[in-house]
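Working notes for the structure below.
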Amino acid sequence: MAALPPRKNPTPTKIHRQNLSPLETLLYMGFSRQRAEKALVATGHRGIQLASDWLLKHVNDRTIDTPAARDYILYLCPVGELQQQLSLFWQKSKYKMGWNGAHNSFPHITLTSSFKCPDSDVLSLMQTVSQVSEHFVEDISSTKLQLERYMSPNFFGLFVEKDQEALLKRLTQELCKEIRKLGVKADPIIKSFHLTLAYQFPQKHFTALEDLARDISPPSPCSWELRLYSYDSRTAGCDVYKVLYAHVPREQDELELLIGDFVFVTQEEMSKTTDGWVVGISWLTGASGYLPTNYVERTAETNAWTLHTVIPFSRDRELGLGSGVDTLDTKPVQPVCDSIASTSITNIGSNSSLERLGGTQECDSSVFRSVHDLEIESLYAKVARNVRESPAGHGEGDLEFEGSNVGGEGQREDEVSSSTPTRPLGPRQLFIARHGERVDFTFGLWIPYSFDKDRKYQRKDLNMPPSVPDRRDGPEGFTRDCPLTVIGTVQAKMVGEAMKEAGVTIHHVFCSPSLRCVQTCHHILTGMGVADKLKINIEPGLFEWLAWYQDEMPSWMSSEELTSAGYNIEPGYKPYISSEELQDTQETCQQFFIRNFFITQCTLQATEEAGGNVLLIGHAATLDTCSRQLVGKEPRPVNELMSIVRKVPYCSVAMLEEVMEDDETSLMQMGGRSSPTLSRGGRHSPTLSRLGGRSSPGGISSMSLMSRSTIRTPAPPPKVWRIVQPPFPPMTHTSVSTFDWKMLLDKE
């Protein structure tokens with residue numbers, strides 16, 4: 001039988017996605033090469049997700065486009081019982097005697113002085129370190145390094161015995177020689193190799209430190225790991241402080257603090273402060289500003305370092321270094337706990353993209369990750385997984401307004417927005433839903449594999465849509481404006497059916513311009529049985545946070561294209577904020593809240609006379625950005641918003657209900673407060689024009705007026721809203737991996 005020819009367009013599973021390097025993937029996503037390389041290096045080449053999270057968090061970092069190489073250093077770190085004793089010494093000495101210079105790091109032997117390496121050469125540097133270290137694995141793993149205790153009035157340490165220093169000197173000299181071939185100047189340590197226990201301490205603490213040091217047994221069982229670390233050169237000479245309390249800036253020059261973040265402050269800055277405020281740089285965002293000193297605590301500077309490579313010098317390693325070197329471009333070493341012995345490079349590969357970014361000072365050897373590891377994961381999870389719910393530059397916050405659907409029975413047929421002939425009775429209800437499962441998050445880089453050379457769509461998985469709508473910008477238009485998966489359409493239809501079964505009636509519909517939102521809206525209305533009656537109004541002003549689109553905004557499908565694709569779009573709707581006005585990618589989180597709240601107010605006020613319930617279809621953040629200020633709360637800082645977004649799965653629905661006059665008094669007595677509105681000096685309350693759509697006071701654009709308006713007003717709003725439980729249950733779902741039938745075959 002003739003052999004089958006190779007296929008040009010294999011199924012776009014996540015396995016094929018790995019064929020692209022992380023750098024190539026980020027470039028494909030639209031990031032510049034400099035930013036992509038900087039993000040990968042800053043996160044230790046631990047995957048696309050963490051790198052894109054870093055880019056998202058650094059959107060306001062003024063130095064993100066400044067070409068500045070990081071500083072690197074090579075350490076030899078103990079692992080095992082000796083390391084546990086050293087960590088205990090660190091903890092006790094810090095607790096009993098206070099801070100000394102050794103607390104700035106974890107136990108280690110320095111092999112090289114610090115050196116700079118361009119971001120573009122870091123993978124080569126990692127491979128060089130791995131390749132050189134491979135030649136020393138057997139010698140070092142078979143040699144038990146003998147350490148001698150040394151104590152003086154100003155220094156405590158453990159020194160490698162003289163007859164064993166030659167081995168470490170050969171290692172560090174060979175490492176530096178090969179690193180220099182990359183054009184990187186790295187110098188080996190020529191002085192005695194040692195492990196520092198304490199220095200820069202008051203003389204009065206000598207006796208107490210001496211007693212603690214005698215509890216350390218240098219001959220204790222120990223193996224060693226070679227580790228490559230880096231740190232931001234901007235922070236050289238700074239002390240590192242860990243954030244204990246969150247702080248929301250009250251002035252423009254203040255730094256937002258997120259619990260668990262690190263800030264860099266110079267000693268001079270800390271010593272000269274007279275009011276308890278100092279200037280610092282955030283590790284998490286790269287932003288700088290004033291911060292209160294009583295909100296932070298001094299910590300080890302290595303906690304803010306990035307770990308790039310771990311080379312275990314242990315005989316009982318399960319896998320050799322060779323595989324680690326071969327996969328450095330796709331599975332770089334993830335950081336490990338300081339007390340972990342003999343960890344395989346491949347085994348510590350790529351399962352989680354939210355791994356630790358910096359070294360730890362203290363660690364329990366009975367667990368894989370330290371408390372610090374989990375803190376870092378949690379910190380980035382507030383940015384990462386929340387953001388991951390949306391595209392690599394997306395945050396999910398779009399809404400839409402149905403403009404022409406204001407009237408009841410007396411309207412034209414093409415303006416029907418109510419399923420009842422009279423104004424509905426009872427309190428109005430507002431439903432805010434997130435879109436369903438999206439193709440790009442499910443299949444990764446799906447476009448190159450799903451369109452043939454004639455740019456015709458080919459379905460490669462049963463969960464991929466049977467067809468995609470035609471659009472003027474071709475397949476490339478789906479890069480930032482992707483459709484739903486089949487599961488996504490089912491999710492949306494299930495929500496619509498649940499709303500219908502619960503007796504929910506929708507009279508006005510507003511939707512984000514994103515294709516996934518339009519499709520979600522269509523299938524929810526289909527499930528309710530009203531898709532042919534209610535027209536969808538596309539409101540660009542309810543799109544996501546613009547800061548997530550630093551490189552390029554999406555190119556949305558026009559109303560004509562959406563109508564041709566079978567969606568019931570209102571052609572005469574005039575948006576409150578046009579797509580042309582969405583160009584300020586430096587939009588702050590507060591401005592994002594104001595923009596979404598502004599559109600929410602517009603839609604509610606424009607449909608107030610006709611009455612009835614309103615449905616808003618948007619993204620994960622939409623559920624909060626469109627409801628937060630409506631119930632009288634202030635906009636959240638970005639870290640709080642991200643923690644909300646992370647907990648909003650596909651097709652989640654939030655419900656708000658208007659408080660009737662009889663209930664308003666009791667609500668105020670219970671401590672509720674009326675929702676704020678935009679300043680009277682800013683945007684006027686918009687009304688829907690039956691003939692011409694939207695009008696702006698004085699002919700000024702909506703965005704211009706909105707940017708001048710404030711969040712608060714002394715006058716109470718005419719209506720009060722509250723968040724209530726939807727009359728139907730939520731939906732829980734999970735993801736599964738793609739089945740590969742070849743695994744059933746016997747391996748030859």
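For the 3.5 Å distance criterion, the side chains of His103 and Ser93 qualify, holding a donor opposite an acceptor. Between the side chains of Gln83 and Ser87, at least one donor-acceptor pair of N or O atoms lies under 3.5 Å. Between the side chains of Thr285 and Ser282, at least one donor N or O lies within less than 3.5 Å of an accepting N or O. Side-chain contact check for Asp71 and Ser114: no donor-acceptor pair (N or O, by modelled atom type) lies under 3.5 Å. Side-chain N/O atoms of Ser217 and Gln85 include no donor and acceptor closer than 3.5 Å.
Atoms NZ and SG, on Lys185 and Cys117 in that order, are 15.0 Å from each other to the nearest 0.5 Å. How far CG of Leu40 is from NE2 of His308: 11.0 Å, rounded to the nearest 0.5 Å. Rounded to the nearest 0.5 angstrom, Asn104 CG and Glu301 CD are separated by 4.0 Å. Residue Ser124 holds its OG atom at 11.5 Å from CD1 of Ile179, rounded to the nearest 0.5 Å. For the atom pair Ser133 OG and Glu225 CD, the distance stands at 11.5 Å (nearest 0.5 Å). Taken from CD in Glu174 to CZ in Arg170, the straight-line distance is 9.0 Å, to the nearest 0.5 Å.
Of the options Leu291, Leu257, Leu258, a side chain to side chain contact (heavy atoms under 4.5 Å, CB included) to His247 is made by Leu257 and by none of the others. The one candidate from Trp305, Trp283, Phe264 that meets the side chain to side chain contact (heavy atoms under 4.5 Å, CB included) condition with Val240 is Phe264. For the side chain to side chain donor-acceptor pair (under 3.5 Å) with Arg70, the qualifying choice from Thr235, Thr306, Asp232 is Thr306, the only one to do so. Applying side chain to side chain contact (heavy atoms under 4.5 Å, CB included) to Leu76 and the options Thr110, Ile311, Ile109 leaves one that passes, Ile109.
Between the side chain of Lys96 and the main chain of Leu212, no donor-acceptor pair closer than 3.5 Å is present. The main-chain N or O of Ala213 is found under 3.5 Å from a side-chain atom of Arg149 such that the two form a donor-acceptor pair. In this structure, Thr143 contributes its side chain and Ile140 its backbone to no donor-acceptor pair below 3.5 Å. Under a 3.5 Å cut-off, the side chain of Trp90 and the backbone N or O of Ala102 do form a donor-acceptor pair. Side chain of Ser21 to main chain of Glu24: a donor-acceptor pair is present (N/O by atom type, distance under 3.5 Å, no hydrogens or angles).
Using cut-offs of 30° and 60° for the angle between ring planes, the Phe156 and Phe206 rings count as tilted. Between Trp54 and His58, the ring planes lie parallel to each other; the angle is under 30°, not in the 30° to 60° tilted range. Note: Phe155 and Tyr199 have tilted aromatic rings, judged against thresholds of 30 and 60 degrees for the angle between ring planes. The aromatic rings of Tyr245 and Tyr295 sit perpendicular, their planes meeting at an angle over 60°, well past the 30° parallel limit.
Partners of Tyr241 according to the ring pair (Phe, Tyr, Trp, His ring centres under 6.0 Å) rule, which considers only residues two or more places apart in sequence or in another chain, do not exist here. By the side-chain hydrogen bond (donor to acceptor under 3.5 Å, both in side chains) test, Asn60 pairs with no residue at all, sequence neighbours left out.
No more than 12 heavy atoms of other residues, nucleotides or ligands shown are found within 6.0 angstrom of NZ on Lys162.
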Carefully, step by step, assess Glu210 and Arg214 under the rule salt bridge (Lys or Arg N to Asp or Glu O under 4.0 Å).
CA-CA 6 Å; Glu210 183 180 28; Arg214 294 192 185 282; 2.9 Å; yes
